[in-house]
Amino acid sequence: MKLSALHQSYLSRRANSFRASSSPLDPSSLDGGLKPIFWLVLHGLCCLISLLLGFRFSRVVFFLLFSPSSTPPTALLHSTSPFRPASLPVQSLNTTVATPGSRVVVGRHGILIRPWPHPDPVEVMKAHRIIDRVQREQRVQYGVKTPRSVIAVTPTYVRTFQTLHLTGVMHSLMNVPYDLTWIVVEAGGTTNETAWLVARSGLRVVHVGFEEEMPVSWDDRHRLEARMRLRALRVVREFKLEGIVMFADDSNMHSMELFDEIQKVKWVGAVSVGILVHSGDPEEESSVAQKDDVENSPMPVQGPACNSSDQLVGWHTFNSLPYEGKGAKYVGDVATVLPRKLEWAGFVLNSRLLWKENEGDKPEWVKDLDTVGGDADDIETPLSLLKDPSVVEPLGSCGRKILLWWLRVEARADSKFPARWIIDTPMEVTVPSKRTPWPDAPPELPSNETAITTEENREKPGTKTRPRKSKRSSRSKKKRESSVVETHVSARNSGEQ
């Protein structure tokens, strides 16, 4: 308050000094009708000088040249600007502290400072809706002009957590704003359970069966899933599907930004994958964390590693040395499930790399799909499809953005969950309800009703027992008070006895 009052008085004194001075460019010395003409002529002169010089020439320069030398430039800028709104209070340039709800003048515009966080959640939601609308409009104006189709490949098989994992992937693919084809490769042949689940998505689904059964060992399972993905790539080549091939495993969680990022790929791209290892034994996980140094522990991320020039120089893999000999070997083991060196989910391909036709259009560093897949060790990653792995294009700010996450969590072999998570038989009552909405009364409870009533009485210790109201209206208020006192005294005497 004191700073603002001193500043206003200072500006008033400066304005009086300007009026008293005989400056040829002082608009206050002119008549009321000549002021607009003076500003228009001055503005036109500044525009003409700006055109000749090639940069903006402000009229404030005239005031700096012809004004008295005792006037500070900061006060001159605030006092001589005719376009400053009168409703906005002028604040000093040295004032840096602003109270919530005040206004700060930045150039010709005022900024309203609000308290943070915003007290009204409705206004916050409105702001987020406006931001979402602006982002959608920017995507239409400045986004991908000719987007390519997305081909998602998912290996799966019937198990306890299949519905859980496939539902998450399915809803992520349903939100993709591009044309999408979902290739689902099922181990052990196609089943009605998987077909019923993927048909609910409404997407263009290609359901392919794989003859081999899913093994119990984790190493064998990873190898079989790699062959299942190669089977999906052969389907892409057979039907000549046009688009970008991505590997959406049923244990992955995807960001919507990933589907926008893969549109930038030309032939083969790589993104960073966040590794979320799972352990069923918390003591084992804590012991591993104690052994591993915090400063030297690498980030649990797989993806491309780039230099300062955003060029691919190598790969960042998950450090499995602290889990040496303690990783899960079989599905259902109470141990940490470790990922591979590089997951398939971190790579995207152009489908034209797989076609046999137009061999001249394909680059020379691409292998033929028929020559890959003979040995199980050669197909651990999509890099096996390339003769030169250094041609991979790093995506996501050259691997600095994590756009998807790997989480391998499986149910134990002795877990009991219903098929399709549908309960056919009525469930047993484990916690009886006192009042049920059904017309049929529940079975009578045993003698623990007294315990329930005593607990209810304990929950309300402040309630006092009131005597019953007398039906006789002829008694006065004093008689009722005396009767209440007598009842309390008699109850106290009986309790003492």
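- When side chains are defined from C-beta on, V153 counts as touching V245, because their heavy atoms get closer than 4.5 Å.
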Practice problem: Please lay out, stage by stage, how L233 and L369 fare under the test side chain to side chain contact (heavy atoms under 4.5 Å, CB included). | Solution: CA-CA 8 Å; L233 295 182; L369 188 61; 4.1 Å; yes

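- When atom types are taken as modelled, the side chain of R200 and the backbone of L197 share no donor-acceptor pair closer than 3.5 angstrom.
- The distance from the CG atom of D219 to the CG atom of L224 is 12.5 Å, given to the nearest 0.5 Å.
- In summary, D220 and K329 do not engage in a salt bridge, as defined by a charged side-chain N under 4.0 Å from a carboxylate O.
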Quiz prompt | Stepwise side chain to side chain contact (heavy atoms under 4.5 Å, CB included) test for V301 and I402 | solution = CA-CA 8 Å; V301 176; I402 299 177; 3.6 Å; yes

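- Considering only heavy atoms from C-beta on, M253 stays 4.5 Å or farther from L404 through its side chain.
- For the pair L241 and W355, the tightest heavy-atom approach, listed with the atom from each and the gap, is O-CZ2, 3.4 Å.
- A distance-only check finds no donor-acceptor pair linking the side chain of D249 to the backbone of N252 [under 3.5 Å].
- Between K126 and D120, none of the side-chain N atoms (NZ, or NE/NH1/NH2) sits under 4.0 Å from a carboxylate O, so this pair counts as no salt bridge.
- Between the side chain of E261 and the backbone N or O of G396, at least one donor-acceptor pair lies under 3.5 Å.
- In the displayed structure, Y330 atom OH is contacted under 6.0 Å by at most 12 heavy atoms of other residues, nucleotides or ligands.
- Checked against ring pair (Phe, Tyr, Trp, His ring centres under 6.0 Å), W344 has the following partners two or more places apart in sequence or in another chain: F247.
- Under the 4.5 Å side-chain criterion, counting only non-hydrogen atoms from C-beta, I151 is not in contact with I244.
- Here the shortest heavy-atom pairing between I423 and T425 reads CG2-O, 3.1 Å.
- Between W267 and W365, the angle of the ring planes goes over 60°, which puts this pair in the perpendicular group of the 30/60° scheme.
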Quiz item: Between S172 and M256, is a side chain to side chain contact (heavy atoms under 4.5 Å, CB included) present by the stated rule, with each step listed?
Solution: CA-CA 8 Å; S172 298; M256 290 295 104; 4.2 Å; yes

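- No side-chain donor-acceptor contact under 3.5 Å links T190 to the backbone of E186.
- The pair D132-R129 does not meet the salt-bridge criterion, since no charged nitrogen lies less than 4.0 angstrom from a carboxylate oxygen.
- P389 approaches K387 most closely through the heavy-atom pair CD-O, 3.8 Å.
- Salt bridge annotation for E238-R234: absent, with no cationic side-chain nitrogen under 4.0 angstrom from a carboxylate oxygen.
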Quiz item: Do R159 and M214 pass the side chain to side chain contact (heavy atoms under 4.5 Å, CB included) test, and can you show the C-alpha distance, the side-chain angles, and the key distance before you say yes or no?
Solution: CA-CA 10 Å; R159 62 191 187 278; M214 186 64 68; over 6 Å; no

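- Separation of atoms CG (L407) and CG (D250) is listed at 11.0 Å; rounding is to 0.5 Å.
- Taking the ring axis of Y142 as reference, the NZ or CZ atom of R139 does not stay both within 45° of it and closer than 6.0 Å to the ring centre.
- A donor-acceptor contact under 3.5 angstrom links the side chains of W182 and T154, judged on distance only.
- Between Q162 and T156 the shortest heavy-atom distance is NE2-OG1, 3.3 Å.
- Between D388 and K367, none of the side-chain N atoms (NZ, or NE/NH1/NH2) sits under 4.0 Å from a carboxylate O, so this pair counts as no salt bridge.
- Between the side chains of Q302 and H316, no donor-acceptor pair of N or O atoms lies under 3.5 Å.
- The existence of a salt bridge linking E393 and K264 is excluded, since no basic side-chain nitrogen approaches an acidic carboxylate oxygen closer than 4.0 Å.
- Looking only at side-chain heavy atoms (C-beta outward), V392 and L312 come within less than 4.5 Å of each other.
- A heavy-atom distance below 4.5 Å is found between the side chains of L342 and F347.
- Judged by distance alone, the side chain of T167 and the main-chain N or O of L164 form no donor-acceptor pair under 3.5 Å.
- Within the 4.5 Å cutoff, the side chain of V184 has no heavy atoms near those of the V208 side chain.
- Residues S149 and E242 have side chains that never bring a donor and an acceptor to within less than 3.5 angstrom of each other.
- Considering all non-hydrogen atoms of both residues, A232 and V185 come closest at CB-CG2, 3.8 Å.
- Contact between A152 and A248 at its shortest, heavy atoms only, is CB-CB, 4.3 Å.
- In this structure, R204 pairs ionically with D179, as a charged nitrogen and a carboxylate oxygen lie closer than 4.0 Å.
- Under the 4.5 Å side-chain criterion, counting only non-hydrogen atoms from C-beta, I183 is in contact with V236.
- Side-chain atoms of K341 and W315, non-hydrogen and from C-beta on, never get closer than 4.5 Å to each other.
- Under the 4.0 Å criterion applied to side-chain N and carboxylate O atoms, E212 and R227 are assigned as salt-bridge partners.
- The CD atom of E343 sits 11.0 Å away from the CZ atom of F318 when rounded to the nearest 0.5 Å.
- Annotation: the span from M228 atom CE to Y157 atom OH amounts to 10.0 Å, rounded to 0.5 Å.
- With hydrogens and angles disregarded, no donor-acceptor distance shorter than 3.5 Å links the side chain of D310 to the backbone of C306.
- Counting heavy-atom neighbours within 6.0 Å of K266 NZ, excluding the residue itself, gives a total of 12 or less.
- Without hydrogens or angle criteria, R148 side chain to T146 main chain gives no donor-acceptor distance under 3.5 Å.
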